[in-house]
Amino acid sequence: MSDHSYILPGATGDWEVVMGLEIHAQVVSNAKLFSGAATAFGAAPNTQVSLVDAAMPGMLPVINERVVEQAVRTGLGLNAQINLWSRFDRKNYFYPDLPQGYQISQFQFPIVGEGEIECERDDGSRFTVGIERLHLEQDAGKSIHDLDPNSTYVDLNRSGVALMEIVSRPHIRSPEEASAYVAKLRTILRYLGTCGGDMEKGQLRADVNVSVCRPGQYEKFRETGDFSHLGTRCEIKNVNSLRFIRQAIEYEAKRQIDIIEDGGKIDQETRLFDAGTGVTRSMRSKEEAHDYRYFPDPDLLPLELQQTWVDEIRAGLPELPDQKRVRLVSELGLSDYDAAVLSADKDRADYFEIVAEGRDAKLASSWVNNELYGRLNKEGLDITDSPVSAEQLGGLIALISDDTISGKIAKDVFEILWSEGGAPAKIVEEKGLKQVTDTGAIEAVIDRLIADNPDQAAQVKDKPKTMGWFVGQVMKAMQGKANPQAVNEILRKKLLG
Ligand code: ADP
Ligand code: MG
(Lines give C-alpha, C1' and ligand atoms only; values in the text may rest on other atoms or scores of the structure.)
(Ligands and ions follow the chains in the order given, each with its own letter.)
Protein backbone atom coordinates (compact mmCIF):
# COMPACT_ATOMS: atom_id res chain seq x y z
CA MET A 1 0.00 0.00 0.00
CA SER A 2 1.40 3.43 -0.91
CA ASP A 3 1.72 6.32 1.54
CA HIS A 4 -0.86 8.13 -0.51
CA SER A 5 -3.70 5.71 -0.08
CA TYR A 6 -6.97 7.41 0.65
CA ILE A 7 -8.75 5.35 3.29
CA LEU A 8 -12.35 5.91 4.27
CA PRO A 9 -13.16 4.21 7.58
CA GLY A 10 -16.63 2.68 7.64
CA ALA A 11 -18.69 0.93 10.34
CA THR A 12 -17.54 -2.46 9.02
CA GLY A 13 -13.91 -1.60 8.24
CA ASP A 14 -11.85 0.47 5.82
CA TRP A 15 -12.78 1.36 2.26
CA GLU A 16 -10.89 2.78 -0.70
CA VAL A 17 -12.09 4.64 -3.81
CA VAL A 18 -11.32 3.96 -7.46
CA MET A 19 -11.96 6.45 -10.23
CA GLY A 20 -11.77 6.71 -13.99
CA LEU A 21 -12.50 10.01 -15.75
CA GLU A 22 -14.02 10.82 -19.10
CA ILE A 23 -12.99 14.32 -20.17
CA HIS A 24 -14.68 16.23 -22.96
CA ALA A 25 -12.22 18.76 -24.34
CA GLN A 26 -13.30 21.29 -26.93
CA VAL A 27 -10.82 21.29 -29.81
CA VAL A 28 -9.13 24.60 -30.63
CA SER A 29 -10.22 25.16 -34.24
CA ASN A 30 -11.86 28.04 -36.06
CA ALA A 31 -14.40 25.74 -37.67
CA LYS A 32 -16.55 22.84 -36.49
CA LEU A 33 -15.84 19.13 -36.83
CA PHE A 34 -17.91 18.64 -40.01
CA SER A 35 -18.82 22.17 -41.12
CA GLY A 36 -17.19 25.53 -41.79
CA ALA A 37 -19.27 27.39 -39.19
CA ALA A 38 -17.36 29.48 -36.66
CA THR A 39 -16.74 28.37 -33.06
CA ALA A 40 -16.00 31.65 -31.25
CA PHE A 41 -17.28 31.82 -27.67
CA GLY A 42 -20.02 34.27 -26.73
CA ALA A 43 -21.50 34.92 -30.19
CA ALA A 44 -25.20 35.82 -30.40
CA PRO A 45 -27.40 32.68 -30.37
CA ASN A 46 -27.71 30.77 -33.63
CA THR A 47 -25.31 32.99 -35.56
CA GLN A 48 -22.71 30.23 -36.02
CA VAL A 49 -24.87 27.51 -37.50
CA SER A 50 -24.43 25.98 -40.95
CA LEU A 51 -26.95 23.76 -42.70
CA VAL A 52 -24.95 20.77 -41.46
CA ASP A 53 -25.13 21.92 -37.82
CA ALA A 54 -28.87 22.54 -38.14
CA ALA A 55 -29.23 19.05 -39.67
CA MET A 56 -31.13 20.18 -42.74
CA PRO A 57 -32.28 17.27 -44.89
CA GLY A 58 -29.61 16.24 -47.37
CA MET A 59 -26.78 17.94 -45.54
CA LEU A 60 -23.41 16.23 -45.80
CA PRO A 61 -20.70 16.36 -43.16
CA VAL A 62 -17.14 17.06 -44.36
CA ILE A 63 -14.28 16.28 -42.00
CA ASN A 64 -12.21 19.26 -40.82
CA GLU A 65 -8.55 18.32 -41.36
CA ARG A 66 -7.38 20.83 -38.76
CA VAL A 67 -9.42 19.06 -36.05
CA VAL A 68 -7.98 15.69 -37.00
CA GLU A 69 -4.49 17.18 -36.75
CA GLN A 70 -5.33 18.54 -33.28
CA ALA A 71 -6.53 15.10 -32.13
CA VAL A 72 -3.32 13.50 -33.41
CA ARG A 73 -1.23 16.20 -31.74
CA THR A 74 -3.05 15.55 -28.48
CA GLY A 75 -2.56 11.81 -28.78
CA LEU A 76 1.16 12.31 -29.33
CA GLY A 77 1.30 14.66 -26.33
CA LEU A 78 -0.30 11.92 -24.20
CA ASN A 79 2.30 9.36 -25.31
CA ALA A 80 -0.54 7.49 -26.94
CA GLN A 81 -0.97 5.11 -29.84
CA ILE A 82 -2.14 6.92 -33.00
CA ASN A 83 -4.52 4.75 -34.99
CA LEU A 84 -3.91 5.31 -38.69
CA TRP A 85 -7.35 3.86 -39.41
CA SER A 86 -10.36 5.05 -37.48
CA ARG A 87 -14.06 5.41 -38.15
CA PHE A 88 -17.00 7.66 -37.33
CA ASP A 89 -20.17 6.12 -35.98
CA ARG A 90 -23.64 7.42 -35.36
CA LYS A 91 -24.74 7.37 -31.75
CA ASN A 92 -28.51 7.61 -31.94
CA TYR A 93 -30.56 9.43 -29.38
CA PHE A 94 -33.18 12.14 -29.27
CA TYR A 95 -32.43 15.41 -27.59
CA PRO A 96 -34.08 18.78 -28.32
CA ASP A 97 -30.69 20.40 -28.89
CA LEU A 98 -29.42 17.62 -31.13
CA PRO A 99 -31.25 18.25 -34.41
CA GLN A 100 -29.61 15.35 -36.27
CA GLY A 101 -31.19 12.85 -33.89
CA TYR A 102 -27.76 11.30 -33.53
CA GLN A 103 -24.28 12.37 -32.55
CA ILE A 104 -21.38 11.57 -34.86
CA SER A 105 -18.75 9.99 -32.63
CA GLN A 106 -16.15 7.24 -32.72
CA PHE A 107 -17.06 4.03 -30.96
CA GLN A 108 -15.16 0.88 -31.87
CA PHE A 109 -12.27 2.50 -33.72
CA PRO A 110 -11.08 5.71 -32.06
CA ILE A 111 -8.37 7.88 -33.62
CA VAL A 112 -6.14 7.54 -30.53
CA GLY A 113 -5.58 4.43 -28.40
CA GLU A 114 -3.63 3.74 -25.22
CA GLY A 115 -1.43 6.33 -23.59
CA GLU A 116 -0.50 7.63 -20.17
CA ILE A 117 -0.08 10.83 -18.18
CA GLU A 118 2.27 11.48 -15.30
CA CYS A 119 0.62 13.65 -12.66
CA GLU A 120 1.79 15.37 -9.47
CA ARG A 121 0.07 15.35 -6.10
CA ASP A 122 0.13 18.50 -3.93
CA ASP A 123 3.25 17.26 -2.11
CA GLY A 124 5.13 16.89 -5.42
CA SER A 125 4.98 13.08 -5.52
CA ARG A 126 4.04 11.60 -8.89
CA PHE A 127 1.58 8.99 -10.11
CA THR A 128 0.70 7.68 -13.55
CA VAL A 129 -2.78 7.41 -15.02
CA GLY A 130 -3.37 5.19 -18.04
CA ILE A 131 -5.36 6.59 -20.97
CA GLU A 132 -7.70 4.12 -22.60
CA ARG A 133 -8.58 6.11 -25.72
CA LEU A 134 -9.25 9.50 -27.26
CA HIS A 135 -11.96 9.90 -29.84
CA LEU A 136 -13.50 12.74 -31.80
CA GLU A 137 -17.17 13.62 -31.59
CA GLN A 138 -19.65 16.45 -32.13
CA ASP A 139 -20.91 18.67 -29.35
CA ALA A 140 -24.68 19.26 -29.04
CA GLY A 141 -26.49 22.60 -28.97
CA LYS A 142 -27.79 24.21 -25.83
CA SER A 143 -31.35 24.36 -24.50
CA ILE A 144 -32.15 27.55 -22.65
CA HIS A 145 -34.94 27.10 -20.11
CA ASP A 146 -34.83 30.36 -18.20
CA LEU A 147 -35.55 32.98 -20.87
CA ASP A 148 -39.28 32.40 -21.03
CA PRO A 149 -41.64 30.78 -18.54
CA ASN A 150 -43.57 28.87 -21.22
CA SER A 151 -40.97 27.85 -23.77
CA THR A 152 -37.49 26.48 -24.12
CA TYR A 153 -35.14 28.14 -26.57
CA VAL A 154 -32.36 26.39 -28.40
CA ASP A 155 -28.97 27.82 -29.36
CA LEU A 156 -27.19 25.71 -31.98
CA ASN A 157 -23.89 27.61 -31.94
CA ARG A 158 -22.23 24.70 -30.16
CA SER A 159 -23.92 22.09 -32.31
CA GLY A 160 -21.21 20.30 -34.27
CA VAL A 161 -18.26 21.85 -32.43
CA ALA A 162 -15.43 19.30 -32.25
CA LEU A 163 -14.80 17.58 -28.95
CA MET A 164 -12.09 15.15 -27.94
CA GLU A 165 -13.33 12.63 -25.41
CA ILE A 166 -10.36 11.42 -23.38
CA VAL A 167 -11.10 8.31 -21.33
CA SER A 168 -8.79 7.37 -18.47
CA ARG A 169 -8.24 3.96 -16.95
CA PRO A 170 -9.58 3.56 -13.41
CA HIS A 171 -6.16 4.43 -11.97
CA ILE A 172 -7.19 7.39 -9.83
CA ARG A 173 -7.29 6.73 -6.08
CA SER A 174 -8.29 9.89 -4.22
CA PRO A 175 -10.17 13.17 -4.72
CA GLU A 176 -6.79 14.93 -4.73
CA GLU A 177 -5.47 12.66 -7.49
CA ALA A 178 -8.62 13.23 -9.55
CA SER A 179 -8.17 16.99 -9.55
CA ALA A 180 -4.40 16.62 -10.09
CA TYR A 181 -5.13 14.44 -13.13
CA VAL A 182 -7.54 16.95 -14.65
CA ALA A 183 -5.15 19.81 -13.90
CA LYS A 184 -2.26 17.98 -15.59
CA LEU A 185 -4.32 16.98 -18.59
CA ARG A 186 -5.49 20.58 -18.95
CA THR A 187 -1.89 21.85 -18.76
CA ILE A 188 -0.78 19.42 -21.46
CA LEU A 189 -3.70 20.40 -23.73
CA ARG A 190 -2.91 24.07 -23.25
CA TYR A 191 0.79 23.56 -24.03
CA LEU A 192 -0.22 21.65 -27.16
CA GLY A 193 -2.68 24.39 -28.13
CA THR A 194 -5.39 21.80 -28.73
CA CYS A 195 -7.89 22.89 -26.03
CA GLY A 196 -8.26 26.17 -24.15
CA GLY A 197 -9.06 24.27 -20.97
CA ASP A 198 -11.37 26.93 -19.52
CA MET A 199 -13.83 24.91 -17.44
CA GLU A 200 -16.06 27.92 -16.79
CA LYS A 201 -16.58 28.34 -20.52
CA GLY A 202 -17.30 24.63 -20.87
CA GLN A 203 -14.13 23.99 -22.88
CA LEU A 204 -13.29 21.11 -20.54
CA ARG A 205 -15.97 18.98 -18.85
CA ALA A 206 -15.37 15.95 -16.64
CA ASP A 207 -17.51 12.86 -16.12
CA VAL A 208 -16.25 11.16 -12.97
CA ASN A 209 -16.74 7.40 -12.48
CA VAL A 210 -16.52 6.42 -8.82
CA SER A 211 -16.58 3.04 -7.08
CA VAL A 212 -15.52 1.84 -3.64
CA CYS A 213 -13.77 -1.36 -2.62
CA ARG A 214 -11.93 -2.95 0.30
CA PRO A 215 -8.16 -2.38 0.67
CA GLY A 216 -6.20 -4.80 -1.51
CA GLN A 217 -8.92 -5.19 -4.17
CA TYR A 218 -7.50 -2.49 -6.46
CA GLU A 219 -4.07 -4.16 -6.42
CA LYS A 220 -5.73 -7.43 -7.50
CA PHE A 221 -7.45 -5.56 -10.33
CA ARG A 222 -4.12 -4.10 -11.46
CA GLU A 223 -2.46 -7.52 -11.38
CA THR A 224 -5.16 -9.35 -13.31
CA GLY A 225 -7.00 -6.62 -15.23
CA ASP A 226 -10.20 -8.21 -13.92
CA PHE A 227 -12.78 -5.49 -13.17
CA SER A 228 -14.77 -7.85 -10.92
CA HIS A 229 -12.29 -7.05 -8.13
CA LEU A 230 -13.64 -3.48 -8.16
CA GLY A 231 -16.96 -2.18 -6.91
CA THR A 232 -19.85 -1.13 -9.12
CA ARG A 233 -19.33 2.40 -10.38
CA CYS A 234 -21.54 5.43 -10.67
CA GLU A 235 -20.83 8.10 -13.24
CA ILE A 236 -21.15 11.73 -12.16
CA LYS A 237 -21.82 13.79 -15.27
CA ASN A 238 -20.39 17.14 -16.28
CA VAL A 239 -18.58 18.33 -13.20
CA ASN A 240 -17.14 21.70 -14.15
CA SER A 241 -14.46 22.71 -11.66
CA LEU A 242 -11.56 21.03 -9.88
CA ARG A 243 -13.10 21.83 -6.51
CA PHE A 244 -16.46 20.33 -7.51
CA ILE A 245 -14.67 17.20 -8.74
CA ARG A 246 -13.15 16.69 -5.28
CA GLN A 247 -16.41 17.46 -3.50
CA ALA A 248 -18.47 15.21 -5.74
CA ILE A 249 -16.10 12.28 -5.17
CA GLU A 250 -16.03 12.74 -1.40
CA TYR A 251 -19.81 12.79 -1.26
CA GLU A 252 -20.29 9.93 -3.70
CA ALA A 253 -17.78 7.60 -2.00
CA LYS A 254 -19.47 8.06 1.38
CA ARG A 255 -22.91 7.56 -0.16
CA GLN A 256 -21.81 4.26 -1.70
CA ILE A 257 -20.16 3.04 1.51
CA ASP A 258 -23.30 3.80 3.52
CA ILE A 259 -25.47 1.85 1.09
CA ILE A 260 -23.18 -1.20 1.11
CA GLU A 261 -22.78 -1.16 4.88
CA ASP A 262 -26.56 -0.99 5.25
CA GLY A 263 -26.76 -4.24 3.29
CA GLY A 264 -27.71 -2.62 -0.01
CA LYS A 265 -25.93 -2.72 -3.34
CA ILE A 266 -24.80 -0.04 -5.74
CA ASP A 267 -26.82 0.40 -8.91
CA GLN A 268 -24.71 1.39 -11.86
CA GLU A 269 -26.21 4.73 -12.73
CA THR A 270 -25.56 8.21 -14.02
CA ARG A 271 -25.70 10.92 -11.38
CA LEU A 272 -25.56 14.70 -11.32
CA PHE A 273 -23.56 16.79 -8.87
CA ASP A 274 -25.43 19.70 -7.33
CA ALA A 275 -22.80 22.32 -6.55
CA GLY A 276 -25.22 24.25 -4.38
CA THR A 277 -25.84 21.44 -1.90
CA GLY A 278 -22.72 19.33 -2.54
CA VAL A 279 -24.69 16.12 -3.15
CA THR A 280 -25.04 13.83 -6.16
CA ARG A 281 -28.49 12.84 -7.42
CA SER A 282 -29.60 10.03 -9.67
CA MET A 283 -30.19 11.02 -13.30
CA ARG A 284 -30.76 7.67 -14.96
CA SER A 285 -30.05 4.06 -14.07
CA LYS A 286 -28.33 1.43 -16.17
CA GLU A 287 -31.72 -0.21 -16.82
CA GLU A 288 -32.91 2.98 -18.44
CA ALA A 289 -29.60 3.35 -20.26
CA HIS A 290 -29.89 4.18 -23.91
CA ASP A 291 -29.29 1.64 -26.55
CA TYR A 292 -27.52 3.99 -28.90
CA ARG A 293 -27.64 1.66 -31.91
CA TYR A 294 -24.18 2.66 -33.03
CA PHE A 295 -23.42 2.09 -36.70
CA PRO A 296 -20.79 3.45 -39.09
CA ASP A 297 -21.87 6.82 -40.45
CA PRO A 298 -22.62 6.20 -44.12
CA ASP A 299 -21.90 9.83 -45.01
CA LEU A 300 -18.27 9.59 -43.94
CA LEU A 301 -15.40 7.45 -45.17
CA PRO A 302 -13.13 5.83 -42.62
CA LEU A 303 -10.36 8.17 -41.54
CA GLU A 304 -7.01 7.01 -42.94
CA LEU A 305 -3.88 8.83 -41.87
CA GLN A 306 -0.41 8.73 -43.41
CA GLN A 307 2.39 7.81 -41.03
CA THR A 308 4.54 10.58 -42.57
CA TRP A 309 1.86 13.15 -41.70
CA VAL A 310 1.75 11.88 -38.11
CA ASP A 311 5.56 12.04 -37.97
CA GLU A 312 5.48 15.66 -39.16
CA ILE A 313 3.04 16.55 -36.40
CA ARG A 314 5.26 14.79 -33.87
CA ALA A 315 8.30 16.71 -35.10
CA GLY A 316 6.40 19.97 -34.59
CA LEU A 317 5.28 19.27 -31.01
CA PRO A 318 6.13 22.05 -28.58
CA GLU A 319 8.05 21.49 -25.37
CA LEU A 320 5.61 19.85 -22.92
CA PRO A 321 5.25 20.67 -19.20
CA ASP A 322 7.34 17.73 -17.93
CA GLN A 323 10.15 18.52 -20.38
CA LYS A 324 10.02 22.16 -19.38
CA ARG A 325 10.17 21.33 -15.68
CA VAL A 326 13.27 19.18 -16.19
CA ARG A 327 14.94 21.84 -18.34
CA LEU A 328 14.25 24.65 -15.87
CA VAL A 329 16.13 22.62 -13.26
CA SER A 330 18.98 21.31 -15.40
CA GLU A 331 19.65 24.35 -17.59
CA LEU A 332 18.55 27.26 -15.44
CA GLY A 333 19.36 25.82 -12.03
CA LEU A 334 15.89 26.39 -10.54
CA SER A 335 14.72 24.33 -7.58
CA ASP A 336 12.40 21.38 -8.28
CA TYR A 337 9.62 23.24 -6.55
CA ASP A 338 9.97 26.47 -8.53
CA ALA A 339 10.31 24.56 -11.80
CA ALA A 340 7.13 22.60 -11.02
CA VAL A 341 5.15 25.72 -10.11
CA LEU A 342 6.28 27.58 -13.23
CA SER A 343 5.77 24.73 -15.70
CA ALA A 344 2.34 23.77 -14.36
CA ASP A 345 0.78 26.86 -15.89
CA LYS A 346 1.52 27.64 -19.52
CA ASP A 347 0.86 31.38 -19.17
CA ARG A 348 3.09 31.59 -16.12
CA ALA A 349 5.83 29.62 -17.86
CA ASP A 350 5.65 31.78 -21.00
CA TYR A 351 5.83 34.93 -18.90
CA PHE A 352 8.76 33.61 -16.90
CA GLU A 353 10.72 32.65 -19.99
CA ILE A 354 10.54 36.22 -21.30
CA VAL A 355 11.60 37.63 -17.91
CA ALA A 356 14.48 35.17 -17.58
CA GLU A 357 15.78 35.46 -21.15
CA GLY A 358 19.46 36.37 -20.82
CA ARG A 359 19.03 37.21 -17.12
CA ASP A 360 19.46 35.71 -13.66
CA ALA A 361 16.91 32.87 -13.82
CA LYS A 362 16.68 32.27 -10.09
CA LEU A 363 16.03 35.94 -9.45
CA ALA A 364 13.48 35.97 -12.27
CA SER A 365 11.71 32.91 -10.84
CA SER A 366 11.60 34.39 -7.38
CA TRP A 367 10.14 37.65 -8.67
CA VAL A 368 7.52 35.93 -10.81
CA ASN A 369 6.46 33.41 -8.18
CA ASN A 370 6.60 35.71 -5.15
CA GLU A 371 6.28 39.43 -5.91
CA LEU A 372 4.24 39.22 -9.09
CA TYR A 373 1.95 36.34 -8.09
CA GLY A 374 1.54 37.75 -4.59
CA ARG A 375 0.28 40.95 -6.15
CA LEU A 376 -1.85 39.24 -8.82
CA ASN A 377 -3.52 37.01 -6.23
CA LYS A 378 -4.21 39.96 -3.99
CA GLU A 379 -6.01 41.73 -6.81
CA GLY A 380 -7.64 38.53 -8.11
CA LEU A 381 -5.97 39.00 -11.50
CA ASP A 382 -4.84 36.46 -14.04
CA ILE A 383 -1.25 36.67 -15.31
CA THR A 384 -2.54 37.42 -18.79
CA ASP A 385 -4.06 40.61 -17.31
CA SER A 386 -0.94 41.59 -15.37
CA PRO A 387 -0.41 45.37 -15.42
CA VAL A 388 3.35 44.68 -15.35
CA SER A 389 4.51 43.01 -18.56
CA ALA A 390 7.21 40.35 -18.71
CA GLU A 391 9.43 42.83 -20.56
CA GLN A 392 9.04 45.39 -17.78
CA LEU A 393 9.75 42.87 -15.04
CA GLY A 394 12.75 41.60 -17.00
CA GLY A 395 14.07 45.16 -17.22
CA LEU A 396 13.66 45.56 -13.48
CA ILE A 397 15.57 42.34 -12.81
CA ALA A 398 18.41 43.46 -15.06
CA LEU A 399 18.72 46.59 -12.90
CA ILE A 400 18.98 44.48 -9.75
CA SER A 401 21.53 42.13 -11.30
CA ASP A 402 23.88 44.89 -12.42
CA ASP A 403 23.62 46.60 -9.00
CA THR A 404 21.90 49.69 -10.37
CA ILE A 405 19.24 49.28 -7.69
CA SER A 406 18.90 47.22 -4.54
CA GLY A 407 16.24 44.52 -4.10
CA LYS A 408 14.42 46.81 -1.73
CA ILE A 409 14.25 49.74 -4.11
CA ALA A 410 13.21 47.27 -6.83
CA LYS A 411 10.04 46.61 -4.84
CA ASP A 412 9.24 50.32 -4.92
CA VAL A 413 9.90 50.43 -8.67
CA PHE A 414 7.68 47.38 -9.09
CA GLU A 415 4.86 49.27 -7.34
CA ILE A 416 5.33 52.20 -9.72
CA LEU A 417 5.31 49.83 -12.72
CA TRP A 418 2.15 48.21 -11.38
CA SER A 419 0.19 51.42 -10.88
CA GLU A 420 1.69 53.86 -13.37
CA GLY A 421 3.53 51.74 -15.93
CA GLY A 422 6.68 52.97 -17.65
CA ALA A 423 10.19 51.74 -18.34
CA PRO A 424 12.11 50.54 -15.25
CA ALA A 425 15.43 52.18 -16.17
CA LYS A 426 13.70 55.50 -16.87
CA ILE A 427 11.80 55.40 -13.58
CA VAL A 428 15.02 54.73 -11.66
CA GLU A 429 16.77 57.56 -13.51
CA GLU A 430 13.98 60.12 -13.12
CA LYS A 431 13.22 59.39 -9.49
CA GLY A 432 16.89 59.24 -8.55
CA LEU A 433 16.66 55.70 -7.19
CA LYS A 434 20.09 54.54 -8.33
CA GLN A 435 21.97 52.61 -5.75
CA VAL A 436 24.93 54.43 -4.18
CA THR A 437 28.01 52.25 -4.58
CA ASP A 438 30.36 55.16 -4.03
CA THR A 439 32.10 53.93 -0.88
CA GLY A 440 33.25 57.44 0.01
CA ALA A 441 29.64 58.65 0.35
CA ILE A 442 28.67 55.59 2.39
CA GLU A 443 31.72 55.94 4.61
CA ALA A 444 30.89 59.54 5.38
CA VAL A 445 27.41 58.56 6.59
CA ILE A 446 28.80 55.68 8.65
CA ASP A 447 31.45 57.85 10.28
CA ARG A 448 28.82 60.35 11.30
CA LEU A 449 26.54 57.61 12.72
CA ILE A 450 29.37 56.06 14.75
CA ALA A 451 30.35 59.45 16.12
CA ASP A 452 26.72 60.18 17.11
CA ASN A 453 26.15 56.77 18.70
CA PRO A 454 29.32 55.74 20.55
CA ASP A 455 27.51 53.35 22.97
CA GLN A 456 25.88 51.36 20.20
CA ALA A 457 29.19 51.25 18.35
CA ALA A 458 30.95 49.82 21.40
CA GLN A 459 28.22 47.20 21.87
CA VAL A 460 28.77 45.74 18.39
CA LYS A 461 32.15 44.35 19.49
CA ASP A 462 30.47 42.11 22.11
CA LYS A 463 27.31 41.41 20.18
CA PRO A 464 28.11 41.49 16.43
CA LYS A 465 24.43 40.91 15.65
CA THR A 466 23.59 44.43 16.82
CA MET A 467 25.40 45.73 13.74
CA GLY A 468 22.05 45.35 12.00
CA TRP A 469 20.90 48.50 13.74
CA PHE A 470 23.64 50.47 11.97
CA VAL A 471 22.76 48.92 8.61
CA GLY A 472 19.19 50.09 9.11
CA GLN A 473 20.32 53.60 10.05
CA VAL A 474 22.61 53.91 7.02
CA MET A 475 19.80 52.76 4.73
CA LYS A 476 17.42 55.20 6.33
CA ALA A 477 19.88 58.07 5.98
CA MET A 478 20.46 57.19 2.32
CA GLN A 479 16.79 56.55 1.44
CA GLY A 480 17.47 52.85 0.93
CA LYS A 481 19.81 53.56 -1.94
CA ALA A 482 23.10 52.44 -0.39
CA ASN A 483 24.51 49.22 -1.77
CA PRO A 484 23.85 46.77 1.10
CA GLN A 485 27.06 44.80 0.48
CA ALA A 486 29.20 47.93 0.62
CA VAL A 487 27.41 49.09 3.78
CA ASN A 488 28.04 45.77 5.52
CA GLU A 489 31.67 45.66 4.48
CA ILE A 490 32.46 49.18 5.67
CA LEU A 491 30.57 48.72 8.93
CA ARG A 492 32.39 45.48 9.67
CA LYS A 493 35.75 47.13 9.01
CA LYS A 494 34.98 50.13 11.18
CA LEU A 495 33.15 48.46 14.07
CA LEU A 496 34.83 45.07 14.33
CA GLY A 497 38.22 46.19 13.15
P1 ADP B 1 -18.91 2.99 -20.60
O2 ADP B 1 -18.66 2.55 -21.98
O3 ADP B 1 -20.12 2.40 -19.97
O4 ADP B 1 -18.82 4.47 -20.43
P5 ADP B 1 -16.18 2.36 -19.92
O6 ADP B 1 -15.64 1.01 -19.76
O7 ADP B 1 -15.84 3.12 -21.15
O8 ADP B 1 -17.73 2.33 -19.73
O9 ADP B 1 -15.69 3.18 -18.68
C10 ADP B 1 -15.97 4.51 -18.52
C11 ADP B 1 -15.06 5.07 -17.45
O12 ADP B 1 -15.32 4.42 -16.21
C13 ADP B 1 -13.58 4.88 -17.71
O14 ADP B 1 -12.93 6.10 -17.41
C15 ADP B 1 -13.17 3.80 -16.74
O16 ADP B 1 -11.85 3.97 -16.30
C17 ADP B 1 -14.11 4.01 -15.60
N18 ADP B 1 -14.39 2.81 -14.81
C19 ADP B 1 -14.66 1.58 -15.25
N20 ADP B 1 -14.89 0.74 -14.22
C21 ADP B 1 -14.75 1.46 -13.08
C22 ADP B 1 -14.87 1.16 -11.69
N23 ADP B 1 -15.19 -0.05 -11.25
N24 ADP B 1 -14.66 2.15 -10.81
C25 ADP B 1 -14.35 3.40 -11.23
N26 ADP B 1 -14.23 3.73 -12.51
C27 ADP B 1 -14.43 2.79 -13.45
MG1 MG C 1 -18.38 6.20 -21.42
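Only this structure's heavy atoms are used, side chains among them; waters, hydrogens and symmetry mates stay out. This one's a predicted model, so the numbers in the text were calculated from it and none came from an experiment.
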Mind listing the closest non-hydrogen atom pair of [X] and [Y] along with its distance?
| X | Y | answer |
| --- | --- | --- |
| Arg246 | Pro175 | CG-O, 3.4 Å |
| Arg87 | Pro296 | CZ-CG, 3.5 Å |
| Lys32 | Val49 | NZ-CA, 4.3 Å |
| Ala71 | Val112 | O-CG2, 3.8 Å |
| Ala361 | Phe352 | O-CE1, 3.7 Å |
| Ile82 | Val72 | CD1-O, 3.7 Å |

Taking atom [atom1] of [X] as the centre, report whether more than 12 heavy atoms of other residues, nucleotides or ligands fall under 6.0 Å from it.
| X | atom1 | answer |
| --- | --- | --- |
| Gln307 | CD | yes |
| Leu317 | CG | yes |
| Asn30 | CG | no |
| Arg314 | CZ | no |
| Phe295 | CZ | yes |

Charged N to carboxylate O under 4.0 angstrom, [X] versus [Y]?
| X | Y | value |
| --- | --- | --- |
| Glu319 | Arg327 | yes |
| Glu176 | Arg121 | no |
| Lys142 | Asp97 | no |
| Glu250 | Lys254 | no |
| Asp350 | Arg190 | no |
| Lys220 | Asp226 | no |
| Arg255 | Asp258 | no |
| Lys324 | Glu353 | yes |
| Glu269 | Lys237 | no |
| Arg158 | Asp139 | yes |
| Asp198 | Arg186 | no |

Side-chain donor or acceptor of [X] paired with backbone N/O of [Y] under 3.5 Å:
| X | Y | result |
| --- | --- | --- |
| Gln48 | Ala31 | no |
| Thr187 | Ala344 | yes |
| Asn46 | Val154 | yes |
| Tyr153 | Asp146 | no |
| Gln70 | Val28 | yes |
| Thr12 | Glu261 | no |
| Thr39 | Ser29 | yes |
| Lys184 | Glu120 | no |
| Asp262 | Ile259 | no |
| Arg359 | Gly394 | yes |

Inter-residue atom distance [X].[atom1] - [Y].[atom2], 0.5 Å rounding:
| X | Y | atom1 | atom2 | result |
| --- | --- | --- | --- | --- |
| Leu342 | Asn369 | CG | CG | 4.5 Å |
| Leu33 | Met164 | CG | CE | 11.5 Å |
| Ile104 | Ile63 | CD1 | CD1 | 8.5 Å |

Contacts of Asp274 meeting salt bridge (charged side-chain N to carboxylate O under 4.0 Å, His left out) (sequence neighbours excluded), chain-then-number -> Arg281

| message | The test is side-chain contact (heavy atoms from CB on, under 4.5 Å); show your working for Tyr181 and Leu242 and say whether it passes. | response | CA-CA 10 Å; Tyr181 165 75; Leu242 297 185; over 6 Å; no

Between the side chains of [X] and [Y], does any donor sit under 3.5 Å from an acceptor?
| X | Y | answer |
| --- | --- | --- |
| Ser174 | His4 | no |
| Thr384 | Asp347 | no |
| Arg271 | Thr280 | yes |
| Ser143 | Thr152 | no |
| Thr128 | Glu116 | no |
| Asn83 | Ser86 | no |
| Arg214 | Gln217 | no |
| Asp311 | Thr308 | no |
| Arg293 | Asn92 | no |
| Glu235 | Gln268 | no |
| Arg169 | His171 | no |
| Ser105 | Glu137 | yes |

Would you check if [X] and [Y] make a side-chain contact, meaning some heavy-atom pair closer than 4.5 Å?
| X | Y | answer |
| --- | --- | --- |
| Phe414 | Arg375 | yes |
| Phe34 | Asn64 | no |
| Glu69 | Trp309 | yes |
| Cys195 | Leu204 | yes |
| Leu372 | Ile383 | yes |
| Val388 | Trp367 | no |

### Test log, rule side-chain contact (heavy atoms from CB on, under 4.5 Å), inputs Gln26 and Lys201
CA-CA 10 Å; Gln26 184 182 328; Lys201 288 188 184 155; over 6 Å; no

May I ask you to establish whether Lys91 and Tyr294 are in a cation-pi arrangement, using a distance under 6.0 Å from NZ or CZ to the six-membered ring centre and at most 45° from the ring axis? no

TODO: Please confirm whether Arg173 makes a cation-pi placement over Tyr218, using NZ or CZ under 6.0 Å from the six-membered ring centre and within 45° of the ring normal.
DONE: yes

**Request:** Please assess Arg348 against Val368 for the test side-chain contact (heavy atoms from CB on, under 4.5 Å), listing each intermediate value before the final yes or no.
**Result:** CA-CA 8 Å; Arg348 187 188 289 220; Val368 170; 4.2 Å; yes

Trace of the side-chain contact (heavy atoms from CB on, under 4.5 Å) decision for Glu16 with Leu8: CA-CA 6 Å; Glu16 292 183 350; Leu8 289 163; over 6 Å; no

Centroid-centroid under 6.0 Å between Tyr93 and Tyr102 rings
no

